[in-house]
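This report concerns only the one structure given below.
Convention: sequence-line order gives letters A, B, ...; per-chain numbering from 1.
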2 protein chains.
Amino acid sequence: MHKGDYQCQEPSCPTEVTVDVIGGKWKALILTFLLPGPRRFGEISRFLPHASKRMLTLQLRELEEDGVIHREIYKEVPPKVEYSLTPFGETLKPILLLMADWGEKYVGKKLKQLKQVESRTF
Amino acid sequence: MHKGDYQCQEPSCPTEVTVDVIGGKWKALILTFLLPGPRRFGEISRFLPHASKRMLTLQLRELEEDGVIHREIYKEVPPKVEYSLTPFGETLKPILLLMADWGEKYVGKKLKQLKQVESRTF
DNA sequence: CGGGATCCAAAATGATACTG
DNA sequence: CAGTATCATTTTGGATCCCG
């Protein structure tokens with residue numbers, strides 16, 4: 001069978017493609033946040049208080065380049081920019097929902113684990 | 001509704017938990033590779049030729065700490081170490097399969113995109 | 001408001017040598 | 001074979017200032 005001899009040579013490895021698109025530090029979070037509908041930059045920023053504006057911008061640009069989100073600029077003063085999932089981006093929905101589900105189920109486990117690490121320092 | 005006011009404060013944000021577990025550079029790849037059954041360190045390494053032994057070790061340790069993989073050491077000479085999914089790790093299977101499916105569908109798109117970037121340099 | 005540009009600190013990763 | 005240790009380098013990320 002030699003199934004073990006298959007090499008994951010980017011970028012032709014399927015899982016690697018997906019990781020490349022949604023694997024960034026904040027990408028899955030951003031995309032999940034966009035699932036219900038368009039969001040302004042400030043909304044995303046407030047949703048992810050630990051991400052700097054700079055990082056957010058960088059991640060949003062990459063998502064845009066990959067064609068999963070759309071950036072709509074309203075010519076107003078002050079400026080207004082809305083981000084939304086493209087039809088292509090919508091195809092990620094099943095993965096994003098599954099990730100949210102799994103995480104919700106195991107938030108407790110993760111919290112307990114972090115507590116143990118904390119207590120080690122004392 | 002104010003749904004936009006929800007803040008993703010780690011580690012209690014569901015999606016963030018999932019990203020934390022499978023979001024590492026090689027983690028999704030490793031876990032997917034382990035789906036069919038146990039694998040030796042060398043097999044994983046050959047599957048991911050772009051990952052250094054050092055990185056592989058680090059990622060495997062983290063996956064082990066998160067309880068998604070098990071490390072079985074056989075007291076032999078030369079040493080033999082097998083990695084396998086734990087029952088907990090198996091719960092990630094739906095996500096991993098979906099990620100592989102999605103990637104397979106859009107490998108072409110990604111390749112085309114990379115070609116465009118290449119041609120820009122000329 | 002939604003960024004871009006720049007500089008710098010810190011973290012992630014690579015390269016290499018060594019080991020039970 | 002399956003790592004560990006150390007050092008060099010690259011990549012990320014934060015802080016700050018500026019701008020339309």
Side-chain angles (χ1 to χ4, degrees), chain A residues 4-5 7-11 16 19-30 33-34 37-66 69-84 114 117, chain B residues 4-5 7-11 16 19-30 33-34 37-66 69-84 114 117:
Chain A
D5 290 328
Q7 282 188 201
C8 179
Q9 293 281 17
E10 25 168 1
E16 185 127 34
V19 171
D20 191 53
V21 173
I22 68 170
K25 189 167 185 180
W26 307 101
K27 291 184 181 178
L29 276 318
I30 295 171
F33 187 60
L34 293 181
R39 297 284 195 175
R40 297 185 59 170
F41 182 85
E43 293 182 284
I44 303 173
S45 184
R46 261 168 281 129
F47 174 64
L48 298 169
H50 295 298
S52 65
K53 282 197 309 178
R54 180 177 176 277
M55 280 313 300
L56 225 47
T57 304
L58 289 173
Q59 299 274 295
L60 287 166
R61 288 295 170 281
E62 289 188 16
L63 290 170
E64 201 187 347
E65 274 179 48
D66 281 332
I69 66 172
H70 170 69
R71 181 170 173 242
E72 182 75 29
I73 305 160
Y74 295 86
K75 299 274 180 189
E76 304 173 4
V77 180
K80 174 181 169 184
V81 177
E82 266 189 358
Y83 293 90
S84 57
L114 288 172
V117 173
Chain B
D5 290 327
Q7 282 189 201
C8 178
Q9 293 282 18
E10 22 168 6
E16 184 127 32
V19 170
D20 192 53
V21 174
I22 68 170
K25 190 166 184 181
W26 305 102
K27 290 183 182 179
L29 276 318
I30 294 171
F33 188 60
L34 292 182
R39 297 285 195 174
R40 297 185 58 168
F41 182 85
E43 292 183 284
I44 303 174
S45 184
R46 261 168 280 129
F47 174 64
L48 298 167
H50 295 297
S52 65
K53 283 197 306 178
R54 188 180 113 83
M55 279 313 300
L56 227 46
T57 304
L58 289 173
Q59 299 274 294
L60 287 166
R61 290 294 173 281
E62 289 188 17
L63 290 169
E64 200 186 348
E65 273 178 48
D66 281 330
I69 66 171
H70 169 70
R71 180 168 172 245
E72 182 74 30
I73 306 159
Y74 295 86
K75 301 271 179 195
E76 306 174 1
V77 180
K80 172 180 170 182
V81 176
E82 265 189 358
Y83 293 90
S84 56
L114 289 173
V117 174

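Cation-pi geometry between Arg39(A) and Phe33(A) is met: under 6.0 angstrom from the ring centre, within 45 degrees of the axis.
Of all heavy-atom pairs between Leu29(B) and Glu16(A), the closest is CD1-N, 3.9 Å. Of all the heavy atoms in Val19(B) and Ala28(A), the pair that sits closest is CG2-CB, 3.8 Å. Between Leu56(B) and Ala51(B), the closest heavy-atom pair is CD1-CB, 3.8 Å. Pro79(A) and Arg40(A) make their closest contact through O-NH2, 3.6 Å (heavy atoms, listed as atom of the first residue, atom of the second, distance).
Residues forming a side-chain hydrogen bond (donor to acceptor under 3.5 Å, both in side chains) with Arg54(B) (at least two apart in sequence, or on another chain): none. Legend: residues meeting side-chain hydrogen bond (donor to acceptor under 3.5 Å, both in side chains) with Glu72(B), ordered by chain and number and at least two apart, are His70(B). The side-chain hydrogen bond (donor to acceptor under 3.5 Å, both in side chains) check on Asp66(B) picks up Lys110(A), Gln113(A), with sequence neighbours excluded.
Nearest-nucleotide assignment on DNA chain D puts the 5′-proximal partner with Pro79(B), out of Lys25(A) and Pro79(B). For the pair Pro78(B) and Tyr83(A), both in contact range of DNA chain C, the more 5′-proximal nearest nucleotide belongs to Tyr83(A).
At least one donor-acceptor pair under 3.5 Å links the side chain of Gln59(B) to the backbone N or O of Trp26(B).
First and last contacting nucleotides of DNA chain D toward chain A (any atom under 4.0 angstrom from a heavy atom, 5' to 3' order): dG13(D) to dG20(D). Here chain B contacts DNA chain C (any atom closer than 4.0 Å to a heavy atom, that is under 4.0 Å), and the contacts span dT13(C) to dG20(C) from 5' to 3'.
Across the helix from dC1(C)-dG20(D) to dG20(C)-dC1(D), the helix axis at one end is tilted relative to the axis at the other end by 50° (nearest 10 degrees, each axis from five pairs).
Between Lys27(A) and Val21(A), the closest side-chain pair of non-hydrogen atoms is not below 4.5 Å.
Heavy atoms of Arg54(B) sit under 4.0 angstrom from at least one base atom.
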